[in-house]
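Below: one structure, written as C-alpha coordinates.
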Amino acid sequence: METESEPYVRLASLRQLHQVMADMNTARSLADTLQTVANGVVSALGYELACVNLVRPDGDLVVAAFSGNPAAEALITGRVGSRESWERRLSMGEQWGDLVFIPHTEGWVLDDDDVPQWYTEGPAPRFEDEWHPSDRLFAPMYAPGAQGGATSGELIGVLSVDRPRNGRRPGAWGREALQMYAFQAAIAISNARLRANMQRALVRLEREQQALRASEESFRQAFEYAPSGMAIAEMGGDQHGRILRTNDALCRLLGRPASAMRRYSFSDLVHPEDIGTLLRTSAEGGRAELRLGRRDGTYVWVSLRNSVVADAADGPRFLLTHVEDIEERKRRELQLAHRASHDSLTGLPNSAELRSRLAARLCQRPQTGHHGAFASQDAAFGHPVYDAGGHGFDFVPGGKDAYDVYDHHVHTVAPEGEHDDGTKGLAVLFCDLDGFKSINDRFGHNAGDAVLIEVARRLSNGVRDGDTVARLGGDEFVILADGLGRADAQDLAVRLRNEIIQPIRAEGRAVRVGASFGIGWAHCGMTADEVLKSADERMYVEKRSRPRQHRRAG
(Lines give C-alpha, C1' and ligand atoms only; values in the text may rest on other atoms or scores of the structure.)
Protein backbone atom coordinates (compact mmCIF):
# COMPACT_ATOMS: atom_id res chain seq x y z
CA MET A 1 0.00 0.00 0.00
CA GLU A 2 1.12 3.58 -0.66
CA THR A 3 0.72 4.61 2.95
CA GLU A 4 2.84 1.71 4.05
CA SER A 5 5.56 2.12 1.49
CA GLU A 6 5.75 5.92 1.57
CA PRO A 7 8.30 6.14 4.46
CA TYR A 8 10.67 3.88 2.56
CA VAL A 9 10.20 5.82 -0.65
CA ARG A 10 10.81 9.08 1.17
CA LEU A 11 14.12 7.84 2.57
CA ALA A 12 15.36 6.61 -0.81
CA SER A 13 14.16 9.80 -2.51
CA LEU A 14 15.91 11.99 0.06
CA ARG A 15 19.18 10.21 -0.69
CA GLN A 16 18.66 10.73 -4.42
CA LEU A 17 17.55 14.35 -3.93
CA HIS A 18 20.65 15.09 -1.90
CA GLN A 19 22.85 13.81 -4.70
CA VAL A 20 20.85 15.60 -7.41
CA MET A 21 20.95 18.92 -5.56
CA ALA A 22 24.67 18.53 -5.07
CA ASP A 23 25.01 17.94 -8.81
CA MET A 24 22.80 20.95 -9.60
CA ASN A 25 24.94 23.29 -7.52
CA THR A 26 28.25 22.01 -8.87
CA ALA A 27 27.39 22.00 -12.58
CA ARG A 28 29.97 23.85 -14.65
CA SER A 29 27.59 25.90 -16.78
CA LEU A 30 24.00 27.09 -16.99
CA ALA A 31 23.23 24.47 -19.66
CA ASP A 32 24.64 21.70 -17.45
CA THR A 33 22.59 22.98 -14.52
CA LEU A 34 19.35 22.94 -16.54
CA GLN A 35 19.98 19.43 -17.80
CA THR A 36 20.82 18.25 -14.27
CA VAL A 37 17.52 19.71 -13.04
CA ALA A 38 15.59 17.78 -15.73
CA ASN A 39 17.53 14.58 -15.08
CA GLY A 40 16.95 14.88 -11.32
CA VAL A 41 13.18 14.86 -11.75
CA VAL A 42 13.45 11.51 -13.56
CA SER A 43 16.07 9.92 -11.32
CA ALA A 44 15.02 11.22 -7.89
CA LEU A 45 11.31 12.03 -8.04
CA GLY A 46 10.01 9.04 -9.99
CA TYR A 47 8.69 10.60 -13.19
CA GLU A 48 9.42 9.20 -16.62
CA LEU A 49 9.52 12.59 -18.41
CA ALA A 50 10.65 16.06 -17.30
CA CYS A 51 11.09 19.37 -19.12
CA VAL A 52 12.65 22.66 -18.02
CA ASN A 53 10.97 25.71 -19.59
CA LEU A 54 13.21 28.75 -19.01
CA VAL A 55 12.03 32.37 -19.11
CA ARG A 56 13.88 34.35 -21.78
CA PRO A 57 14.76 38.07 -21.51
CA ASP A 58 11.71 38.89 -23.67
CA GLY A 59 9.40 37.07 -21.22
CA ASP A 60 8.55 34.03 -23.35
CA LEU A 61 9.62 30.55 -22.20
CA VAL A 62 11.94 28.26 -24.15
CA VAL A 63 12.38 24.51 -23.69
CA ALA A 64 15.92 24.55 -22.32
CA ALA A 65 16.30 20.92 -21.14
CA PHE A 66 14.45 17.60 -21.49
CA SER A 67 14.90 14.19 -19.89
CA GLY A 68 13.35 10.74 -20.24
CA ASN A 69 12.60 10.42 -23.95
CA PRO A 70 15.16 11.14 -26.69
CA ALA A 71 12.50 11.39 -29.38
CA ALA A 72 10.46 13.93 -27.43
CA GLU A 73 13.65 15.77 -26.53
CA ALA A 74 14.57 16.15 -30.20
CA LEU A 75 11.02 17.25 -30.99
CA ILE A 76 10.56 20.13 -28.58
CA THR A 77 13.97 21.25 -27.20
CA GLY A 78 14.60 24.86 -28.19
CA ARG A 79 10.97 25.60 -29.03
CA VAL A 80 9.32 28.66 -27.48
CA GLY A 81 5.96 29.19 -25.83
CA SER A 82 4.48 32.63 -25.32
CA ARG A 83 4.26 34.11 -21.87
CA GLU A 84 0.53 34.66 -22.35
CA SER A 85 -0.11 30.95 -22.95
CA TRP A 86 1.99 29.97 -19.96
CA GLU A 87 0.19 32.40 -17.68
CA ARG A 88 -3.14 30.90 -18.80
CA ARG A 89 -1.88 27.41 -17.93
CA LEU A 90 -0.60 28.46 -14.50
CA SER A 91 -3.91 30.15 -13.67
CA MET A 92 -6.20 27.20 -14.40
CA GLY A 93 -6.60 23.67 -13.00
CA GLU A 94 -5.98 22.68 -9.38
CA GLN A 95 -3.49 24.48 -7.12
CA TRP A 96 -1.41 21.95 -5.17
CA GLY A 97 0.48 24.44 -3.03
CA ASP A 98 2.87 26.07 -5.53
CA LEU A 99 2.17 23.29 -8.07
CA VAL A 100 -0.44 23.48 -10.82
CA PHE A 101 -2.25 20.29 -11.85
CA ILE A 102 -4.48 20.37 -14.93
CA PRO A 103 -6.49 17.14 -15.22
CA HIS A 104 -7.27 15.56 -18.57
CA THR A 105 -10.86 16.72 -18.25
CA GLU A 106 -9.70 20.37 -18.59
CA GLY A 107 -6.46 19.96 -20.53
CA TRP A 108 -8.09 19.55 -23.91
CA VAL A 109 -8.50 23.36 -24.13
CA LEU A 110 -4.68 23.63 -24.22
CA ASP A 111 -4.11 21.35 -27.16
CA ASP A 112 -4.04 24.22 -29.66
CA ASP A 113 -1.98 26.85 -27.76
CA ASP A 114 1.65 27.59 -28.67
CA VAL A 115 3.32 25.93 -25.66
CA PRO A 116 5.59 23.09 -26.84
CA GLN A 117 4.26 19.76 -25.55
CA TRP A 118 4.42 16.03 -26.18
CA TYR A 119 1.62 13.51 -26.51
CA THR A 120 1.66 10.11 -24.84
CA GLU A 121 -0.74 7.27 -25.36
CA GLY A 122 -2.24 5.02 -22.77
CA PRO A 123 -5.45 3.49 -21.48
CA ALA A 124 -8.08 5.45 -19.64
CA PRO A 125 -7.73 5.56 -15.83
CA ARG A 126 -9.15 2.54 -14.04
CA PHE A 127 -9.42 4.18 -10.60
CA GLU A 128 -9.76 7.69 -9.26
CA ASP A 129 -6.10 8.68 -8.60
CA GLU A 130 -4.61 6.89 -11.62
CA TRP A 131 -2.51 9.13 -13.92
CA HIS A 132 -4.14 9.89 -17.26
CA PRO A 133 -1.88 10.37 -20.35
CA SER A 134 -3.40 13.85 -20.85
CA ASP A 135 -2.90 15.01 -17.25
CA ARG A 136 -0.46 17.92 -16.84
CA LEU A 137 1.59 18.84 -13.77
CA PHE A 138 3.67 22.05 -13.59
CA ALA A 139 6.09 23.24 -10.90
CA PRO A 140 6.81 26.99 -11.31
CA MET A 141 10.33 28.07 -10.32
CA TYR A 142 10.71 31.50 -8.75
CA ALA A 143 13.91 33.36 -8.08
CA PRO A 144 14.52 33.71 -4.32
CA GLY A 145 13.23 37.11 -3.24
CA ALA A 146 13.73 39.42 -0.30
CA GLN A 147 11.12 37.56 1.70
CA GLY A 148 12.96 34.27 1.30
CA GLY A 149 9.81 32.35 0.27
CA ALA A 150 9.51 30.05 -2.69
CA THR A 151 7.24 32.42 -4.64
CA SER A 152 8.57 35.75 -3.41
CA GLY A 153 10.68 36.40 -6.53
CA GLU A 154 10.03 36.62 -10.23
CA LEU A 155 9.28 33.58 -12.36
CA ILE A 156 12.43 32.13 -13.90
CA GLY A 157 10.98 28.95 -15.39
CA VAL A 158 8.52 26.08 -15.14
CA LEU A 159 9.18 22.37 -14.56
CA SER A 160 6.80 20.14 -16.58
CA VAL A 161 6.59 16.49 -15.38
CA ASP A 162 4.69 13.51 -16.80
CA ARG A 163 3.97 9.82 -16.25
CA PRO A 164 4.75 8.96 -12.62
CA ARG A 165 6.33 5.53 -12.51
CA ASN A 166 3.80 4.21 -10.00
CA GLY A 167 1.01 5.28 -12.39
CA ARG A 168 -0.72 7.40 -9.76
CA ARG A 169 -1.13 11.07 -9.18
CA PRO A 170 1.45 12.18 -6.57
CA GLY A 171 0.28 12.14 -2.98
CA ALA A 172 1.06 14.71 -0.30
CA TRP A 173 4.68 13.67 0.04
CA GLY A 174 5.24 13.53 -3.73
CA ARG A 175 3.73 16.98 -4.19
CA GLU A 176 5.83 18.51 -1.42
CA ALA A 177 8.97 16.85 -2.77
CA LEU A 178 8.37 18.25 -6.27
CA GLN A 179 7.60 21.70 -4.85
CA MET A 180 10.78 21.71 -2.73
CA TYR A 181 12.77 20.41 -5.69
CA ALA A 182 11.49 23.26 -7.88
CA PHE A 183 12.51 25.74 -5.19
CA GLN A 184 16.05 24.33 -4.98
CA ALA A 185 16.24 24.12 -8.76
CA ALA A 186 15.35 27.80 -8.98
CA ILE A 187 18.22 28.62 -6.61
CA ALA A 188 20.63 26.49 -8.62
CA ILE A 189 19.52 28.09 -11.92
CA SER A 190 19.78 31.60 -10.45
CA ASN A 191 23.29 30.84 -9.19
CA ALA A 192 24.26 29.33 -12.53
CA ARG A 193 22.98 32.42 -14.30
CA LEU A 194 24.90 34.62 -11.93
CA ARG A 195 28.07 32.61 -12.52
CA ALA A 196 27.48 32.75 -16.28
CA ASN A 197 26.98 36.52 -16.14
CA MET A 198 30.10 36.90 -14.02
CA GLN A 199 32.07 34.75 -16.43
CA ARG A 200 30.83 36.81 -19.37
CA ALA A 201 31.66 39.97 -17.46
CA LEU A 202 35.13 38.64 -16.67
CA VAL A 203 35.66 37.70 -20.30
CA ARG A 204 34.44 41.13 -21.39
CA LEU A 205 36.63 42.82 -18.78
CA GLU A 206 39.64 40.81 -19.89
CA ARG A 207 38.98 41.78 -23.49
CA GLU A 208 38.61 45.42 -22.49
CA GLN A 209 41.83 45.21 -20.49
CA GLN A 210 43.58 43.63 -23.44
CA ALA A 211 42.23 46.37 -25.68
CA LEU A 212 43.31 48.97 -23.12
CA ARG A 213 46.78 47.46 -22.90
CA ALA A 214 46.98 47.42 -26.68
CA SER A 215 45.78 51.02 -26.79
CA GLU A 216 48.28 52.06 -24.14
CA GLU A 217 51.06 50.31 -26.03
CA SER A 218 49.99 52.02 -29.24
CA PHE A 219 49.94 55.37 -27.44
CA ARG A 220 53.35 54.68 -25.89
CA GLN A 221 54.89 53.87 -29.24
CA ALA A 222 53.17 56.82 -30.92
CA PHE A 223 54.36 59.07 -28.08
CA GLU A 224 57.93 57.77 -27.87
CA TYR A 225 58.62 57.51 -31.59
CA ALA A 226 56.70 60.56 -32.81
CA PRO A 227 58.88 62.64 -35.18
CA SER A 228 57.85 65.84 -33.38
CA GLY A 229 57.97 66.71 -29.70
CA MET A 230 55.43 65.31 -27.24
CA ALA A 231 54.99 65.97 -23.53
CA ILE A 232 52.56 65.18 -20.73
CA ALA A 233 52.16 67.83 -18.02
CA GLU A 234 50.13 68.09 -14.85
CA MET A 235 47.05 70.26 -14.85
CA GLY A 236 45.67 71.96 -11.76
CA GLY A 237 46.97 72.09 -8.22
CA ASP A 238 50.33 73.34 -6.98
CA GLN A 239 52.22 71.43 -9.67
CA HIS A 240 50.22 72.84 -12.58
CA GLY A 241 52.23 72.67 -15.79
CA ARG A 242 55.00 70.46 -14.39
CA ILE A 243 56.31 68.15 -17.09
CA LEU A 244 55.77 64.48 -16.28
CA ARG A 245 57.01 62.84 -19.44
CA THR A 246 58.70 63.80 -22.71
CA ASN A 247 59.69 61.94 -25.84
CA ASP A 248 63.07 61.85 -27.52
CA ALA A 249 62.12 64.31 -30.24
CA LEU A 250 61.35 67.07 -27.71
CA CYS A 251 64.53 66.34 -25.74
CA ARG A 252 66.58 66.64 -28.94
CA LEU A 253 64.79 69.83 -29.96
CA LEU A 254 65.58 71.56 -26.65
CA GLY A 255 68.92 69.84 -26.07
CA ARG A 256 67.82 68.63 -22.62
CA PRO A 257 67.76 65.05 -21.26
CA ALA A 258 64.43 63.55 -20.20
CA SER A 259 65.52 63.44 -16.54
CA ALA A 260 66.20 67.18 -16.60
CA MET A 261 62.94 67.97 -18.38
CA ARG A 262 60.97 66.53 -15.44
CA ARG A 263 62.37 69.30 -13.24
CA TYR A 264 60.68 71.98 -15.33
CA SER A 265 57.26 73.24 -16.25
CA PHE A 266 56.59 74.85 -19.62
CA SER A 267 56.45 78.24 -17.91
CA ASP A 268 60.11 77.73 -16.91
CA LEU A 269 61.09 77.13 -20.53
CA VAL A 270 58.98 79.63 -22.43
CA HIS A 271 60.33 83.03 -23.53
CA PRO A 272 59.27 85.74 -21.02
CA GLU A 273 57.35 87.61 -23.72
CA ASP A 274 55.26 84.49 -24.46
CA ILE A 275 54.13 83.68 -20.90
CA GLY A 276 50.63 85.12 -21.47
CA THR A 277 50.19 83.07 -24.63
CA LEU A 278 51.25 79.92 -22.78
CA LEU A 279 48.84 80.50 -19.89
CA ARG A 280 45.90 81.04 -22.23
CA THR A 281 46.76 77.89 -24.14
CA SER A 282 47.22 75.82 -20.96
CA ALA A 283 43.93 76.96 -19.45
CA GLU A 284 41.78 76.54 -22.53
CA GLY A 285 43.60 73.95 -24.60
CA GLY A 286 44.12 74.75 -28.25
CA ARG A 287 47.13 75.95 -30.19
CA ALA A 288 49.73 78.70 -29.92
CA GLU A 289 53.06 79.70 -31.41
CA LEU A 290 55.75 80.68 -28.94
CA ARG A 291 59.43 80.32 -28.10
CA LEU A 292 60.96 77.64 -25.87
CA GLY A 293 64.42 77.84 -24.34
CA ARG A 294 67.18 75.47 -25.33
CA ARG A 295 69.88 74.24 -23.01
CA ASP A 296 72.44 76.55 -24.70
CA GLY A 297 70.36 79.63 -23.82
CA THR A 298 68.89 80.19 -27.27
CA TYR A 299 65.18 80.01 -28.11
CA VAL A 300 63.39 78.04 -30.78
CA TRP A 301 59.99 78.88 -32.27
CA VAL A 302 57.49 76.05 -31.81
CA SER A 303 53.82 75.38 -32.44
CA LEU A 304 52.32 74.22 -29.15
CA ARG A 305 49.07 72.26 -29.34
CA ASN A 306 47.47 71.25 -26.03
CA SER A 307 44.75 68.69 -25.40
CA VAL A 308 43.09 68.73 -21.99
CA VAL A 309 42.70 65.13 -20.85
CA ALA A 310 39.83 64.95 -18.36
CA ASP A 311 38.74 62.38 -15.82
CA ALA A 312 34.99 61.82 -15.66
CA ALA A 313 34.97 61.98 -11.87
CA ASP A 314 37.72 64.41 -10.93
CA GLY A 315 37.75 66.83 -13.87
CA PRO A 316 40.88 67.87 -15.83
CA ARG A 317 43.95 65.89 -14.86
CA PHE A 318 46.77 66.62 -17.30
CA LEU A 319 47.74 68.16 -20.62
CA LEU A 320 48.94 66.25 -23.65
CA THR A 321 51.17 68.67 -25.53
CA HIS A 322 52.35 68.36 -29.12
CA VAL A 323 55.43 70.50 -29.89
CA GLU A 324 56.36 71.15 -33.52
CA ASP A 325 59.53 72.93 -34.60
CA ILE A 326 58.53 75.95 -36.74
CA GLU A 327 61.85 77.80 -36.52
CA GLU A 328 62.45 77.68 -40.27
CA ARG A 329 58.94 78.89 -41.08
CA LYS A 330 59.19 81.70 -38.55
CA ARG A 331 62.56 82.70 -39.99
CA ARG A 332 61.00 82.92 -43.45
CA GLU A 333 58.04 84.89 -42.09
CA LEU A 334 60.35 87.31 -40.31
CA GLN A 335 62.43 87.67 -43.46
CA LEU A 336 59.33 88.44 -45.49
CA ALA A 337 58.11 90.90 -42.89
CA HIS A 338 61.56 92.49 -42.77
CA ARG A 339 61.66 92.80 -46.55
CA ALA A 340 58.24 94.42 -46.56
CA SER A 341 59.26 97.01 -43.97
CA HIS A 342 62.97 97.54 -44.75
CA ASP A 343 65.03 98.85 -47.61
CA SER A 344 66.54 95.99 -49.62
CA LEU A 345 69.84 97.84 -50.27
CA THR A 346 70.74 99.30 -46.88
CA GLY A 347 68.63 97.13 -44.53
CA LEU A 348 67.19 100.27 -42.92
CA PRO A 349 63.47 100.73 -42.25
CA ASN A 350 61.78 101.93 -45.44
CA SER A 351 59.36 104.77 -45.98
CA ALA A 352 56.28 102.78 -44.99
CA GLU A 353 57.89 101.53 -41.76
CA LEU A 354 59.11 105.06 -40.95
CA ARG A 355 55.62 106.49 -41.30
CA SER A 356 54.19 103.62 -39.23
CA ARG A 357 56.61 104.22 -36.36
CA LEU A 358 56.05 107.95 -36.48
CA ALA A 359 52.25 107.65 -36.65
CA ALA A 360 52.28 105.30 -33.65
CA ARG A 361 53.59 108.17 -31.52
CA LEU A 362 51.03 110.74 -32.69
CA CYS A 363 47.33 111.14 -32.17
CA GLN A 364 44.65 113.55 -33.39
CA ARG A 365 43.32 115.27 -30.24
CA PRO A 366 39.78 116.75 -30.15
CA GLN A 367 40.23 120.17 -31.74
CA THR A 368 38.39 123.31 -32.87
CA GLY A 369 39.96 125.60 -35.44
CA HIS A 370 40.74 129.30 -34.91
CA HIS A 371 42.97 131.19 -37.36
CA GLY A 372 45.00 128.07 -38.20
CA ALA A 373 45.63 127.12 -34.57
CA PHE A 374 43.95 124.13 -32.87
CA ALA A 375 42.61 124.27 -29.34
CA SER A 376 41.25 121.60 -26.99
CA GLN A 377 40.22 121.47 -23.35
CA ASP A 378 42.36 119.19 -21.16
CA ALA A 379 39.83 117.15 -19.21
CA ALA A 380 42.29 116.32 -16.44
CA PHE A 381 43.51 119.85 -15.67
CA GLY A 382 40.91 122.18 -17.14
CA HIS A 383 43.48 124.19 -19.14
CA PRO A 384 43.47 124.82 -22.89
CA VAL A 385 46.11 123.05 -24.99
CA TYR A 386 47.19 124.61 -28.30
CA ASP A 387 48.94 122.99 -31.27
CA ALA A 388 50.13 125.66 -33.69
CA GLY A 389 50.47 123.66 -36.90
CA GLY A 390 54.03 123.23 -38.11
CA HIS A 391 55.42 125.79 -35.63
CA GLY A 392 55.17 123.18 -32.92
CA PHE A 393 54.19 124.71 -29.58
CA ASP A 394 51.90 123.32 -26.89
CA PHE A 395 50.74 125.08 -23.76
CA VAL A 396 50.45 122.43 -21.04
CA PRO A 397 49.84 122.65 -17.30
CA GLY A 398 53.01 122.87 -15.27
CA GLY A 399 55.14 124.74 -17.81
CA LYS A 400 57.45 123.13 -20.41
CA ASP A 401 56.79 119.42 -19.86
CA ALA A 402 57.50 117.28 -22.89
CA TYR A 403 54.34 115.18 -22.56
CA ASP A 404 50.70 115.80 -21.69
CA VAL A 405 48.58 112.85 -20.56
CA TYR A 406 45.23 113.08 -22.35
CA ASP A 407 42.63 110.37 -22.91
CA HIS A 408 45.01 107.56 -21.85
CA HIS A 409 47.66 108.71 -24.34
CA VAL A 410 51.03 110.35 -23.66
CA HIS A 411 51.13 113.30 -26.02
CA THR A 412 54.27 114.11 -27.95
CA VAL A 413 55.18 117.78 -27.47
CA ALA A 414 57.77 119.90 -29.32
CA PRO A 415 60.12 122.59 -27.89
CA GLU A 416 58.86 126.15 -28.23
CA GLY A 417 60.50 128.93 -30.20
CA GLU A 418 63.86 128.85 -31.96
CA HIS A 419 65.97 128.64 -28.83
CA ASP A 420 66.51 125.76 -26.43
CA ASP A 421 63.95 126.19 -23.65
CA GLY A 422 64.66 122.88 -21.88
CA THR A 423 61.74 121.01 -23.48
CA LYS A 424 62.65 117.63 -24.91
CA GLY A 425 60.64 116.05 -27.69
CA LEU A 426 60.73 113.78 -30.72
CA ALA A 427 63.24 115.22 -33.20
CA VAL A 428 62.91 114.34 -36.89
CA LEU A 429 66.18 114.84 -38.81
CA PHE A 430 65.76 114.87 -42.58
CA CYS A 431 69.08 114.11 -44.34
CA ASP A 432 69.77 114.66 -48.03
CA LEU A 433 73.17 113.76 -49.51
CA ASP A 434 75.03 116.45 -51.43
CA GLY A 435 77.01 115.46 -54.53
CA PHE A 436 75.58 111.94 -54.71
CA LYS A 437 74.25 112.30 -58.28
CA SER A 438 77.70 113.11 -59.63
CA ILE A 439 79.09 109.86 -58.13
CA ASN A 440 76.38 107.86 -59.91
CA ASP A 441 77.08 109.73 -63.16
CA ARG A 442 80.90 109.42 -63.00
CA PHE A 443 81.41 105.97 -61.43
CA GLY A 444 78.14 104.11 -62.00
CA HIS A 445 75.30 102.85 -59.86
CA ASN A 446 77.41 100.20 -58.13
CA ALA A 447 79.54 102.94 -56.67
CA GLY A 448 76.42 104.87 -55.73
CA ASP A 449 74.99 101.82 -53.96
CA ALA A 450 78.22 101.36 -52.03
CA VAL A 451 78.00 104.99 -50.88
CA LEU A 452 74.39 104.57 -49.72
CA ILE A 453 75.26 101.41 -47.80
CA GLU A 454 78.17 103.09 -46.03
CA VAL A 455 76.15 106.21 -45.23
CA ALA A 456 73.44 104.01 -43.73
CA ARG A 457 76.03 102.24 -41.58
CA ARG A 458 77.54 105.53 -40.36
CA LEU A 459 74.13 106.98 -39.52
CA SER A 460 73.14 103.83 -37.60
CA ASN A 461 76.38 103.88 -35.62
CA GLY A 462 75.97 107.56 -34.84
CA VAL A 463 72.60 107.36 -33.08
CA ARG A 464 71.47 105.84 -29.79
CA ASP A 465 69.82 102.49 -29.24
CA GLY A 466 66.11 103.00 -29.74
CA ASP A 467 66.50 105.76 -32.32
CA THR A 468 65.31 105.03 -35.86
CA VAL A 469 67.37 105.53 -38.99
CA ALA A 470 65.29 105.03 -42.17
CA ARG A 471 65.90 105.39 -45.88
CA LEU A 472 63.09 107.49 -47.30
CA GLY A 473 64.15 106.85 -50.90
CA GLY A 474 67.01 107.72 -53.25
CA ASP A 475 69.66 109.55 -51.23
CA GLU A 476 67.28 110.76 -48.51
CA PHE A 477 67.44 109.48 -44.95
CA VAL A 478 65.38 110.28 -41.85
CA ILE A 479 66.36 109.93 -38.20
CA LEU A 480 63.78 109.75 -35.37
CA ALA A 481 65.41 110.60 -32.06
CA ASP A 482 63.21 110.89 -28.96
CA GLY A 483 63.91 112.90 -25.83
CA LEU A 484 66.07 115.62 -27.43
CA GLY A 485 66.11 119.36 -26.92
CA ARG A 486 66.90 121.79 -29.73
CA ALA A 487 70.61 121.95 -28.85
CA ASP A 488 70.78 118.14 -28.63
CA ALA A 489 69.20 117.76 -32.06
CA GLN A 490 71.57 120.32 -33.61
CA ASP A 491 74.61 118.61 -32.07
CA LEU A 492 73.38 115.25 -33.43
CA ALA A 493 73.02 116.71 -36.92
CA VAL A 494 76.55 118.10 -36.80
CA ARG A 495 78.05 114.80 -35.62
CA LEU A 496 76.24 112.81 -38.28
CA ARG A 497 77.29 115.28 -41.01
CA ASN A 498 80.93 115.02 -39.90
CA GLU A 499 80.70 111.21 -40.13
CA ILE A 500 79.16 111.28 -43.58
CA ILE A 501 81.73 113.63 -45.17
CA GLN A 502 84.61 111.29 -44.41
CA PRO A 503 85.99 109.49 -47.52
CA ILE A 504 84.11 106.40 -48.65
CA ARG A 505 85.66 103.49 -50.56
CA ALA A 506 83.54 102.70 -53.63
CA GLU A 507 84.64 100.62 -56.64
CA GLY A 508 88.30 100.81 -55.64
CA ARG A 509 88.43 104.59 -55.15
CA ALA A 510 87.77 107.10 -52.38
CA VAL A 511 84.80 109.40 -52.89
CA ARG A 512 83.12 112.03 -50.74
CA VAL A 513 79.56 113.20 -50.29
CA GLY A 514 78.15 116.00 -48.21
CA ALA A 515 74.91 116.05 -46.22
CA SER A 516 72.23 118.62 -45.49
CA PHE A 517 70.03 118.18 -42.39
CA GLY A 518 66.67 119.67 -41.60
CA ILE A 519 65.33 119.33 -38.05
CA GLY A 520 61.60 119.06 -37.52
CA TRP A 521 59.61 118.24 -34.41
CA ALA A 522 56.77 115.82 -34.09
CA HIS A 523 53.82 116.47 -31.84
CA CYS A 524 50.27 115.23 -31.54
CA GLY A 525 47.80 116.93 -33.82
CA MET A 526 50.12 116.46 -36.82
CA THR A 527 50.17 113.55 -39.26
CA ALA A 528 53.34 111.64 -40.09
CA ASP A 529 53.41 113.24 -43.55
CA GLU A 530 53.09 116.71 -42.04
CA VAL A 531 56.03 116.02 -39.73
CA LEU A 532 58.20 114.75 -42.59
CA LYS A 533 57.20 117.65 -44.81
CA SER A 534 58.16 120.12 -42.08
CA ALA A 535 61.60 118.49 -41.64
CA ASP A 536 62.08 118.33 -45.43
CA GLU A 537 61.32 122.05 -45.80
CA ARG A 538 63.82 122.92 -43.07
CA MET A 539 66.42 120.72 -44.79
CA TYR A 540 66.04 122.71 -48.03
CA VAL A 541 66.27 125.95 -46.08
CA GLU A 542 69.50 124.71 -44.51
CA LYS A 543 70.85 123.47 -47.91
CA ARG A 544 70.19 126.86 -49.58
CA SER A 545 71.74 128.76 -46.72
CA ARG A 546 75.14 127.03 -47.05
CA PRO A 547 77.71 128.03 -49.77
CA ARG A 548 77.75 125.56 -52.68
CA GLN A 549 81.37 124.60 -52.09
CA HIS A 550 80.52 123.59 -48.51
CA ARG A 551 77.57 121.46 -49.61
CA ARG A 552 79.49 119.15 -51.92
CA ALA A 553 82.65 117.20 -51.63
CA GLY A 554 83.60 115.22 -54.71
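Owing to the predicted nature of the structure, the values given are computational and were not obtained by experimental measurement.
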Item to check | All side-chain hydrogen bond (donor to acceptor under 3.5 Å, both in side chains) counterparts of Ser303, not counting sequence neighbours | outcome: Arg287
Item to check | Inter- and intrachain pairs under salt bridge (charged side-chain N to carboxylate O under 4.0 Å, His left out), touching residues 240-260, at least two apart | outcome: Glu224-Arg245, Glu234-Arg242
Checklist outcome for this item: Between Val55 and Leu155 the two heavy atoms that sit nearest each other are CG2-O, 3.6 Å
Checklist entry - Should the pair Lys437-Asp441 be classified as a salt bridge under the 4.0 Å nitrogen-to-oxygen rule? => result yes
Item to check | Salt-bridge criterion met for Arg538 and Glu542 (N-O under 4.0 Å) | outcome: no
Item to check | Distance in Å, Tyr264 OH paired with Ile243 CD1, rounded so as to fall on 0.5 Å steps | outcome: 9.5 Å
Checklist entry - With side chains defined as the heavy atoms from C-beta onward, is the minimum distance between Trp521 and Arg486 less than 4.5 Å? => result yes
Checklist entry - Ion pair present between Arg83 and Asp60, side-chain N to carboxylate O less than 4.0 angstrom? => result no
Checklist entry - Can a salt bridge be assigned to the pair Glu289 and Lys330 using a cut-off of 4.0 Å between side-chain N and carboxylate O? => result yes
Next on the checklist: I'd like to know if Lys533 pairs up with Asp536 as an ion pair, taking the criterion as any Lys NZ or Arg NE/NH1/NH2 lying under 4.0 Å from an Asp or Glu carboxylate oxygen.
Outcome noted: no
Checklist entry - Salt bridge check: are Glu499 and Arg495 linked by an N-O gap of less than 4.0 Å? => result no
Next on the checklist: Quick one: does any side-chain atom of Asp343 pair with a main-chain N or O of Arg471 as donor and acceptor, under 3.5 Å?
Outcome noted: no
Next on the checklist: Could you check whether Arg294 pairs with Asp296 (Lys NZ or Arg NE/NH1/NH2 to Asp/Glu carboxylate O, under 4.0 Å)?
Outcome noted: no
Checklist entry - With sequence neighbours left out, what residues match Arg263 under side-chain hydrogen bond (donor to acceptor under 3.5 Å, both in side chains)? => result none
